[in-house]
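Naming convention: chains lettered A, B, ... in sequence-line order (proteins, then strands); numbering from 1 in each chain. All heavy atoms count here, side chains included; hydrogens, waters and symmetry mates do not.
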Amino acid sequence: MQMEKLVSLCKRRGFLFQSSEIYGGLNGFWDYGPLGVELKRNLKAAWWRDMVNGHDDTRPVYGSPTSYEMTGLDCTIIMHPQVWKCSGHYDLFHDYMVDCRESKRRYRHDQVRGRWVEAKGQRIFVTTMVEAEQEEAEVQARALKFFHLRAKNAEELKWDSGFQSLTEVEDLERVLGPDARALGTLTPPREFNLMFKTYVGALSGEEGTAFLRPETAQGIFVNFKNVVDSSRVRVPFGIAQIGKSFRNEITPRNFTFRSREFEQMEIEFFCHPNSSQDWYRYWRDRRMQWYQEMGLAGERLRLREHDPEELSHYSTGTADIEYAFPFLPPGEFGELEGIAHRGDFDLRSHMEGKLDETTQPLQVELGPEGKPKWKGSGRDLTYRDDLTGERYIPHVIEPSAGADRAVLAFLCEAYTEDEAPDEKGVLQKRVVMRLHPRLAPLKAAVFPLVKKDGMPEIAQEIYRTLKPHWPVFYDEKGAVGRRYRRQDEAGTPYCITVDSQTLKDRTVTIRDRDTLEQTRIPIADCLEEIRQRLQ
RNA sequence: GCGGGUGUAGCUCAGUGGUAGAGCAACAGCCUUCCAAGCUGAAGAUGAGGGUUCGAUUCCCUUCACCCGCUCCA
């Protein structure tokens, strides 16, 4: 499938538009049109129903280790700035970057290290990005090369500092970039704000600086105690949230895949440390199964367990659910959802202060004065099991899904070109969106076969019966075959047609989008028939 | 952020330093008794800004967006 065809269809039929298109568009922002909004709402509703609302709290489901409870939350997009300092996003998303004009590479300013060296009357700062064990040899080799010296003349190099970070160097004209041959090819450090900054209060100033959330998860962690205290849930339980998040992607690309404003569907599942591995595996498999049930059944969907070296230090397991999007090179997959075992990292960070994720066991990251770099809330976020009396910090399993990415995957998977016979029985190309009926924006269309003989009136009667229950489309214009094809493109699973036989016995045909089969049913059964087929 | 490419009607594409064409779609109507192609009619476009020019959709500059590659990717 060519991505261009899908993008074209999405625009033509009203699934997706570029944001602010009449002003030339805005990079990394997309709008959902009339069909798209229904599709996305259906997806989120299906997720909420299957994970939260419809969940049976009283017994194990889908092979869960035990029964568990599920509840929901909807918190603000702008939160206290300290939330992002303790979560680690502030440090992680506030990088200063330098670009090399020569090598076209980009480096994190604080990760470039080097030494001052003098030779032949010139003093320069030689940098490298190699591992610490090799940096001494690497820097020497690069310095020799720069000064056109042989290795045996290494003593001509006068080192006048140990290794230091590029952040301590002011004169970039005297810096030899990590991959450069010439001096002074690095640009001044530029701040990369991966979080959107905003100001709380009418007077903007640094003290009012806040951020649009880069993920919904933190709102759940900071409300953990509120939910426990107010809802009678007990561990194990999950808190779900759907909402917009914002990230200043460096390279938004590939349609909606990497958008700067996007929607997440996240669960933070709290469990006892002893059972967390079982719960991790449960959620990993359960979430995979969900996508399959919703129609991503083929080999384009895969579950990929992270390698140990890929894992955060505090995580004992992370898996991605990935889809082979058509815009990716063959064999490559894009992430739809990550299921991460996060241990007690988040709750502890909001309690004690931001933890240093490179420590084991985890310790609070300290600032220059030996105090916590980012101070936590100081609130007690431990959980007390009032049956056993045990008090502990729950471990967290985080299934975090991208709603827009899921929509995109379902659109890609649904797009099909097949052949259907025309009125002469000749096969004609047909574009059909094979969306799962639960996701389809329109559940049914109702047509009079021809616009006369009282057929429109009967068709409208059926339409009015169905419309209070689902989005249903009425169409009486043009040839019926054309109307079927239009619905195929929109992904409408069922078409009901009033014909001459309807006038005699009050029956209609119902046509299946995928098989093209038509069944004749009484008008009175339409509502129930559609209802059953949608399940 | 870098390099290359592309921006003309809702879509797919023509074309020209001098009034911008077509097919399909959509719309109004006709005709139509089950899978887009019949007839009639009307409507609709040079991404934005600036420059050169008597005149720019065309040439130049800037900008925005999209595509490809690199870079980045919590």
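In this structure, the CD atom of Glu476(A) is 11 Å from the P atom of C27(B), given to the nearest Å. Per the geometry, CG belonging to Leu9(A) stands 17 Å off P belonging to G10(B), to the nearest Å. Regarding Lys11(A), its NZ atom lies at a distance of 7 Å from the P atom of G10(B), rounded to whole Å. Put simply, CE on Met3(A) is 15 Å from C1' on C68(B), counting in whole angstrom units. In this structure, Lys5(A) places its NZ atom 12 Å from P of U12(B), rounding to the nearest Å. A straight line from CG of Asp418(A) to C1' of A36(B) spans 13 Å, rounded to a whole angstrom. Whole-Å rounding puts the Asn27(A) CG to A48(B) C1' distance at 16 Å. When rounded to the nearest whole Å, the span between CZ of Arg430(A) and P of C35(B) equals 13 Å.
Pair check for A65(B) finds U6(B); Watson-Crick or G-U wobble, both atom distances under 3.5 Å. Nucleotide C70(B): paired with G1(B) (Watson-Crick or G-U wobble, both distances less than 3.5 Å). In this structure U57(B) sits in no base pair that meets the Watson-Crick or G-U test at under 3.5 Å. In a base pair of the Watson-Crick type (N1 to N3 plus N6-O4 or O6-N4) or a G-U wobble (N1-O2 and O6-N3), with each distance short of 3.5 Å, U40(B) is matched with A28(B). Pair check for A22(B) finds U12(B); Watson-Crick or G-U wobble, both atom distances under 3.5 Å.
The aromatic rings of Phe196(A) and Phe29(A) lie perpendicular to each other, with more than 60° between the two planes, well past the 30° mark. Taking the six-membered ring where the residue is Trp, Phe325(A) and Tyr323(A) present perpendicular rings, their angle passing 60° and hence far from 30°.
Counting atom types as modelled, Arg253(A) pairs a side-chain N or O with a base atom of G69(B) as donor and acceptor under 3.5 Å. Judged by distance alone, with hydrogens and angles left aside, Arg485(A) brings a side-chain donor or acceptor within reach of the base of A36(B), the pair sitting under 3.5 Å. With hydrogens and angles ignored, a donor-acceptor pair under 3.5 angstrom links the side chain of Tyr484(A) to the base of C34(B). Within 3.5 Å, no donor on the side chain of Gln18(A) pairs with an acceptor on the base of C66(B), nor the reverse.
No contact: Phe29(A) has no heavy atom under 4.0 Å from any strand. Residue Lys477(A) is in sugar-phosphate contact alone, with no base atom involved, counting any heavy-atom pair closer than 4.0 Å across all strands shown. Residue contacts shown for Glu249(A) include a base, since a base heavy atom lies under 4.0 Å away. Contact annotation for Asp453(A): base contact, defined as any heavy-atom pair under 4.0 Å involving a base atom. Using a 4.0 Å heavy-atom criterion, one finds that Gln487(A) contacts no nucleic acid atom at all. Residue-level contact check: Ser500(A) touches the bases, meaning some heavy atom is under 4.0 Å from a base atom.
Side-chain atoms of Asp404(A) and Trp30(A) form no donor-acceptor pair, as typed in the model, at a separation below 3.5 Å.
The side chain of Leu516(A) lies closest to C35(B), out of C2(B), C35(B), C34(B). The side chain of Arg12(A) has C11(B) as its nearest neighbour among C11(B), C35(B), U32(B). Checking A36(B), C72(B), C35(B) against the side-chain heavy atoms of Glu489(A) singles out A36(B) as nearest.
With a 6.0 Å cutoff to the six-membered ring centre and a 45° limit on the axis angle, Arg511(A) counts as a cation-pi contact of Tyr484(A).
The existence of a salt bridge linking Asp488(A) and Arg513(A) is excluded, since no basic side-chain nitrogen approaches an acidic carboxylate oxygen closer than 4.0 Å. Under a 4.0 Å N-O distance rule, the pair Asp475(A)/Arg482(A) does not qualify as a salt bridge.
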